Amino acid sequence: MREQGRELYRDLPWRRTTDPYKIWISEVMLQQTQVSRVDGRWQRWLARFDSVGALAAADVADVLDEWQGLGYNRRALAVHRAAQAIVAAGGEFPQEASALTSLPGIGPATAAGIRAFAFDLHGVYLETNVRTVMLHELFAGREDVSDREIVPLVEATCPPDGGFARAGGGVGDVGGADDADDPRSWYYALLDYGAYLKRTVPNPSRRSSGHARQSRFEGSRRQKRAALVRALLARREGASIDALVDAVVAEGIELDAALAADLLVELSAEGFCHETDNLWRP
């Protein structure tokens, strides 16, 4: 698997840094989003919010605005809240898995990705491409394979902490580890081999017991929520429910005032917007 990964290596921009903040943003953006869409948007994000402190200090509407087009607006709220939590704790980006997963929006896989790519630390990075490789190579012909079976294999095959991690190196240090035998290089290899497999063979991920097709977006509640967020961001001075409905309908999306009111209350509870004097604002 290592040889296939080396041959298929993708020189992606977020692989040219070990800054945990930059790695974290790339990991969140890449969740259920194509690499081609993230390349460009990641750079633009960093130009606007160049550090965890800058992100923490930003207005939530600006964060949501910059996230538009990447899908799943909850992720933008989560990174904003997580940045504020990191700054409140002193501003140092955590390395320990438990500290990372205590932050909003960071689950075990994202934490393992940050640990591997920023700090070269051992961990279980069970991302979709990694799962694809494991299913293809180690569970050929098997159906309904659970992550419970895959996790021990991911943990066993991941190399120990890399050289600069063992030596106590800081962010940006390279150290003397064998580039072919550290968590960062290993997971890059699995990611690239998995991406290749998805293009060349029937998607092995479908043999995972957790595989599920994404629900239809067109006409869904999720589509209407996203459209309302866009309408709110375009009217930061405030807008009535009727004005927001008109804006959403102008996009060709069906929405009535009753459902809009329900969705706005839902979005408000999650931190996307607030209502003052019958006007809604992000």
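The first residue in the sequence is number 1, and the count goes up from there. Note that this is a predicted model, so its numbers are computed, not measured.
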### Query
Under 3.5 Å, side chain of His122 to main-chain N/O of Pro159, donor-acceptor pair present?
yes
#### Entry: Expected output: side-chain Arg37 to main-chain Thr33 donor-acceptor under 3.5 Å
no
### Message
Tell me whether the rings of Tyr188 and Phe117 are parallel (<30°), tilted (30 to 60°) or perpendicular (>60°).
### Response
parallel
**Message:** Under the criterion side chain to side chain contact (heavy atoms under 4.5 Å, CB included), I'd like the reasoning laid out for Lys224 against Val248: C-alpha separation, chi angles, the key distance, then a yes or no.
**Reply:** CA-CA 8 Å; Lys224 299 177 198 299; Val248 171; 5.6 Å; no
| Would you say Glu254 has more than 12 foreign heavy atoms packed within less than 6.0 Å of its CD? | no
On a heavy-atom basis, the closest approach of Ala56 and Val87 is CB-CG2, 3.6 Å
Notebook entry, point to check: So, does Asp182 use its side chain to make a donor-acceptor pair with the main chain of Asp120 at under 3.5 Å?
Noted result: no
Distance col, row Arg41:CZ vs Met29:CE, nearest 0.5 angstrom, shows 6.5 Å
**4.5 Å side-chain heavy-atom contact, Thr18 and Phe119** = no
- prompt: Trp24 and Leu64: same hydrophobic cluster, using ILVMFWY side-chain contacts below 4.5 Å?
  reply: no
Original post:
When clusters are formed by joining ILVMFWY residues with side-chain heavy atoms under 4.5 Å apart, either directly or through shared neighbours, do Val52 and Trp14 land in the same one?
Top reply: yes
Evaluation steps, side chain to side chain contact (heavy atoms under 4.5 Å, CB included), between Leu100 and Phe93: CA-CA 9 Å; Leu100 286 165; Phe93 211 98; 3.7 Å; yes
d(Leu153 CG, Asp147 CG) to nearest 0.5 Å is 11.0 Å
- Is there a donor-acceptor pair closer than 3.5 Å between any side-chain N or O of Ser26 and the backbone N or O of Ile23? yes
Subject >> Verify same cluster id: Val28, Val35 (apolar side-chain graph, 4.5 Å) >> reply: yes
| field | Evaluation steps, side chain to side chain contact (heavy atoms under 4.5 Å, CB included), between Asn73 and Gln68 | value | CA-CA 8 Å; Asn73 286 309; Gln68 293 308 290; 3.0 Å; yes
For the residue pair Glu27 and Tyr125, confirm or rule out a side-chain donor-acceptor distance under 3.5 Å. yes
(request) Just do the salt bridge (charged side-chain N to carboxylate O under 4.0 Å, His left out) check on Glu149 and Arg142 with the steps written out, would you? (result) CA-CA 12 Å; Glu149 296 179 82; Arg142 282 274 311 275; 3.1 Å; yes
CD (Glu127) and CG (Leu191) are apart, to the nearest 0.5 Å, by 5.0 Å
Looking only at heavy atoms, the pair that brings Ile86 and Glu92 closest together is CG2-O, 3.8 Å
Where the side chain of Gln43 meets the backbone of Gly40, is there a donor-acceptor pair that is under 3.5 Å apart?
yes
Practice item. Flag the pair Cys273 / Arg281 as yes when at least one side-chain heavy-atom distance between them is below 4.5 Å, and no otherwise. Key: no
Correct closest heavy-atom pair for Ala260 and Val245 would be CB-CG2, 3.5 Å
Shortest non-hydrogen pair, Leu279 vs Ser240, comes out as CD2-N, 3.7 Å
- prompt: Does the side chain of Trp67 reach to within under 4.5 Å of the side chain of Leu233, using non-hydrogen atoms?
  reply: no
Quiz item: Heavy atoms, side chains only, cut-off 4.5 Å: are Leu264 and Glu275 in contact?
Solution: no
* To do: For Ser185 and Asp181, indicate whether the former's side chain and the latter's backbone hold a donor-acceptor pair under 3.5 Å.
  => no
Decide whether Leu244 and Val60 are clustered together by the hydrophobic rule: side chain heavy atoms of Ile, Leu, Val, Met, Phe, Trp, Tyr closer than 4.5 Å, transitively.
-> yes
Closest heavy-atom pair, Ala231 versus Arg235, reported as atoms and distance to 0.1 Å, is O-NH1, 3.1 Å
Item to complete: Start with the C-alpha gap between Thr132 and Asn129, add the side-chain angles, then the distance that decides, and say whether side-chain hydrogen bond (donor to acceptor under 3.5 Å, both in side chains) holds.
Response: CA-CA 5 Å; Thr132 292; Asn129 284 336; 4.7 Å; no
- Answer yes or no: does atom CG of Asp11 have more than 12 heavy-atom neighbours from other residues, nucleotides or ligands under 6.0 Å? yes
* Just by modelled atom types, is the Leu126 backbone N or O under 3.5 Å from a matching donor or acceptor in the Tyr187 side chain? -> no
So for atom CG, which belongs to Asp144, do other residues, nucleotides or ligands contribute more than 12 heavy atoms lying within a distance under 6.0 Å? yes
Output for pair (Glu251 CD, Asp246 CG), nearest 0.5 Å, gives 12.0 Å
### Message
If you count heavy atoms of other groups shown closer than 6.0 angstrom to CZ of Arg16, is the number above 12?
### Response
yes
- Query: Are Arg184 and Leu121 close enough that some pair of their side-chain heavy atoms sits under 4.5 Å apart?
  - Reply: no
NE2 of His136 to CG of Leu197, rounded to nearest 0.5 Å, is 5.0 Å
ask   = Does one hydrophobic cluster hold both Phe49 and Leu77, with members joined at side-chain heavy-atom distances below 4.5 Å?
value = no
Keeping the roles fixed (side chain from Glu96, backbone from Ala99), state whether a donor-acceptor pair exists under 3.5 Å. no
So do Tyr9 and Arg15 actually touch side chain to side chain, heavy atoms under 4.5 Å?
yes
* Asked: Relative to the ring of Tyr193, is the ring of Tyr196 parallel (under 30°), tilted (30 to 60°) or perpendicular (over 60°)?
  -> parallel
| task | Indicate yes or no for a side-chain donor-acceptor contact from Arg230 to the backbone of Asp65 under 3.5 Å, with no hydrogens or angles considered. | result | no
**Distance-only polar pair, side chains of Gln31 and Thr110, donor-acceptor under 3.5 Å** = yes
Fill in: Stepwise side chain to side chain contact (heavy atoms under 4.5 Å, CB included) check, His274 with Trp280
CA-CA 6 Å; His274 63 278; Trp280 289 90; 5.9 Å; no
So the side chain to side chain donor-acceptor pair (under 3.5 Å) pairs with at least one residue in residues 258-273 (sequence neighbours excluded) are Arg74-Glu270, Arg221-Asp262, Arg221-Glu266, Arg225-Glu266, Arg225-Glu270
Q.
Would you say that Leu267 contacts Val229 through its side chain, given a criterion of any heavy-atom pair below 4.5 Å between the two side chains?
A. yes
| Is it true that a side-chain atom of Arg48 and a backbone atom of Arg44 form a donor plus acceptor pair closer than 3.5 Å? | no
Side-chain touch Phe272/Pro282, heavy atoms, less than 4.5 angstrom: no
**Prompt:** Does Asp50 come within less than 4.0 Å of Lys22, counting only side-chain N to carboxylate O?
**Reply:** no
